[in-house]
There are 2 protein chains.
Amino acid sequence: MVPRGAGSGLSGGATAAGSQLVVSTERLNRIIEVSPLDGVAVVEPGVINAELNSHLEPYGLFYAPDPASFEISSIGGNIATNAGGLRCAKYGVTRESVLALDVVLADGSLISVGHRSIKGVTGLDLTSLFVGSEGVLGIVVGATLRLHPIPVARKTLTAFFDSTAEGAEGLAAITLSPVRPAAVEFFDTPSLANIDEHSGTALRQRGAALILIEIDGYGIDEQAADLSSALALAGARVTTETEAEAIRFWELRRHGRGLPHGHWFIGEDIAVPKSQLLKVYEAFPSLEERFGVEVSAVSHAGDGNLHPLLTQEIGSGGDPAHPPASLRDAATELVRIALALGGTVTGEHGVGTIKRDWAALELSSRSLQAQRAIKASLDPNQLLNPGKAF
Amino acid sequence: MVPRGAGSGLSGGATAAGSQLVVSTERLNRIIEVSPLDGVAVVEPGVINAELNSHLEPYGLFYAPDPASFEISSIGGNIATNAGGLRCAKYGVTRESVLALDVVLADGSLISVGHRSIKGVTGLDLTSLFVGSEGVLGIVVGATLRLHPIPVARKTLTAFFDSTAEGAEGLAAITLSPVRPAAVEFFDTPSLANIDEHSGTALRQRGAALILIEIDGYGIDEQAADLSSALALAGARVTTETEAEAIRFWELRRHGRGLPHGHWFIGEDIAVPKSQLLKVYEAFPSLEERFGVEVSAVSHAGDGNLHPLLTQEIGSGGDPAHPPASLRDAATELVRIALALGGTVTGEHGVGTIKRDWAALELSSRSLQAQRAIKASLDPNQLLNPGKAF
């Protein structure tokens, strides 16, 4: 049985192979309740992330996890992958917004786990265990989600630097300041060039690297001032953008890049301790040289999560459907670099089928054995999402 | 094998019975590393919560979980119980501050789980599973903790009301405002009277119920103004306290109450959806009448976690060491009331040995069975902390 939400996952966690049964949660799409007094919403798993937030807006509340797929991905899928997004450094990942779950286990029984209160420690934390478990332990059929008040103010700052390295170093100024932005996105030189080419902008005229920041909440001008001076000291040209420019920048962040024509590509999802981001970017040139690929990355820098894009020109006689081993090898090497820096194979997309080999590089055999034992304890006949996650 | 930290737990989770071996983490008390650039600290489990925060202060950082026992409880014990505290409504419980763990399993093997980055979804979330597992799945020997910058400003507000009911109703004004205080503590009439008697204050002259609030971060004056007007509309007399008064109020919160002389007592730890707090307080008079006890409560109101104090006069011929069944029966009835309101047996203290009967009221038999299966998968010979948690 392969649980499937909106099918927007990037790691193959919701895809079925021969003689497997897909269990779709698509029509479990009701928002059951919004309780402003408890600060929660109760929803079915098929509700689309963006639809939930549209529904919440009149209440002055929002659901924080905002994966880039928020317009098309379902809450159930977000829970299955412990989805991240842009706002995680301040508001946490999906796990921090899931208070309780209704889950159908492999034997068909329905259990309710977790609490409608923020606190609650009766028994093992099965709620957190189901979040991010990629459908291998049970199928989520209901969720109680924690909501936040919509901030009283929001502002967007841009900080342009003269090189990728200076920009990546400049991130430390944010970490060391007392400001906790809602989002901190880092663009290296080729990512800015890509946007300029694809979207007709002229970002490269403003610099060779960009930190795009959203701050929110009380004292917004004071926050902007503190962050601006910290970033200026780190060598940035900082601008508090107008509302129209802010909308444009976030739109460029989400949809501004294009895939280069006539290239194979792999999109990656590694994460590293945030002080190590620079070292990952520094590794790109040698990867390019060694494997004959091109590498660039936009990062959720506030939590050390990079999305490298590896491309290789198809060339004459190449088959678009069959990328060469060198591309995958370059991606594997990048994963090894992330692991050597204390990082992880996947920050927010999940292992699915695509990253199982890489997961085996990260998890020790004893840790894998513990995970399989837990899986077997809840699904002894291996009925749920076989061949996924680990 | 009974894992034991500082031994400050309130539910008996770290106490051993005959022929059990206590494994103390007391001397694993080193702070291994503080990394301001990653925003983490790496510690051994025997480090005392308050000592960690003293150590972090020069870095401008703090570790958020602040159980009332912070001066004497260990990080390992905090992790074992998923400890809460006063600041959880804004900064989360212990689970939200634990990024990675080193754990010794029942077979003696050591595994590392989790990530030094905020994001990371490779495999099942064993880190979250170990947090709050009360030592039944493994023994934590190392922890990577998430840190926060010390806020640029802090202020304390008091909101006095004319009755417990008006005060409990007034809490909604905070929930519905865009301000997220660091702490929201609610005192009913008998709790204020207790403090006055024990600490020589005159709080009852200011009102019959108190919401004690700490706000922090940017825009502190604007936060104070918004919250004050919202609370005033709800009927409160609101004061922004001086720094000296603020220190005094938080000291009274932590140590201001006394146990009534010549009484048996039980301290409770229920939590309910925060909109239901008033209903719990409304149930106290009938409990008092039915069981011949006295009931009052101070609450972490921001997350619906009450600490009711049930007392009964010992009287002549009574044995201080043997409280009557009526006292425990009253506590059980209070637990049933919390569960009927959608709440939980224990918000932050853990089940230990003391609350196992109550946990069985909360968890369905299928859920208990799932928990025991997971326990058996990691500790098939039931070596770790037998008879605890569930």
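Keep in mind that what you see is a predicted model, and the values were worked out from it rather than measured. In what follows, every chain begins at residue 1, and chains take the letters A, B, ... in the order their sequences are listed.
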Proximal component of [X], with respect to chain B [non-hydrogen, under 4.5 Å]:
X: A/Q369; value: neither
X: A/S35; value: neither
X: A/L137; value: side chain

(request) Search all heavy atoms of A/I150 against all heavy atoms of B/P178 and return the closest pair with its distance. (result) O-CB, 4.4 Å
(message) Please give me the minimum heavy-atom distance between B/L37 and A/T175, naming the atom from each residue.
(response)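 Looks like O-CG2, 3.5 Å.
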Can you tell which part of [X] gets under 4.5 Å to a heavy atom of chain A, answering side chain, backbone, both or neither?
X: B/R95; answer: both
X: B/D107; answer: side chain
X: B/T127; answer: neither
X: B/H349; answer: backbone

To the nearest 0.5 Å, how far apart are [atom1] in [X] and [atom2] in [Y]?
X: B/R116; Y: A/L341; atom1: CZ; atom2: CG; result: 11.5 Å
X: A/I118; Y: B/N305; atom1: CD1; atom2: CG; result: 10.5 Å
X: A/S377; Y: B/I374; atom1: OG; atom2: CD1; result: 5.0 Å
X: B/D303; Y: A/H115; atom1: CG; atom2: NE2; result: 12.5 Å
X: A/N82; Y: B/L124; atom1: CG; atom2: CG; result: 11.5 Å
X: A/Y218; Y: B/I215; atom1: OH; atom2: CD1; result: 9.0 Å

Who wins among [options] for the most heavy-atom pairs under 4.5 Å with chain A?
options: B/L105, B/L171, B/V103, B/L61; value: B/L105
options: B/V152, B/V179, B/L368; value: B/V179
options: B/G92, B/C88, B/S109, B/A389; value: B/S109
options: B/A100, B/G350, B/G219; value: B/G219
options: B/V93, B/V345, B/L126, B/D221; value: B/L126
options: B/G304, B/G123, B/G132, B/S133; value: B/G123

(request) List for me each residue that meets salt bridge (charged side-chain N to carboxylate O under 4.0 Å, His left out) alongside A/D102, sequence neighbours excluded, and say none if there are none. (result) none
As an exercise: rank [options] by heavy-atom pairs under 4.5 Å with chain B and give me the winner.
options: A/V40, A/D226, A/L110, A/D269; answer: A/D226
options: A/S177, A/P149, A/S112; answer: A/P149
options: A/S117, A/S364, A/G347; answer: A/G347
options: A/T346, A/I111, A/L378; answer: A/T346

(message) For residues 354-363 of chain A, give me every residue with a non-hydrogen atom less than 4.5 Å from any non-hydrogen atom of chain B.
(response) A/A359, A/E362, A/L363
(message) For A/K274, is there an ion pair with B/D38 - N to carboxylate O distance below 4.0 angstrom?
(response)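 No.
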(request) Decide whether A/T344 and B/T122 meet the rule of one side-chain donor and one side-chain acceptor closer than 3.5 Å. (result) yes
(message) Using modelled atom types and a 3.5 Å cut-off, is there a donor and acceptor pairing between side-chain atoms of B/K119 and backbone atoms of A/G85?
(response) yes
(request) Determine whether A/L176 and B/P36 make a side-chain contact, defined as any pair of heavy atoms from C-beta on separated by less than 4.5 Å. (result) yes
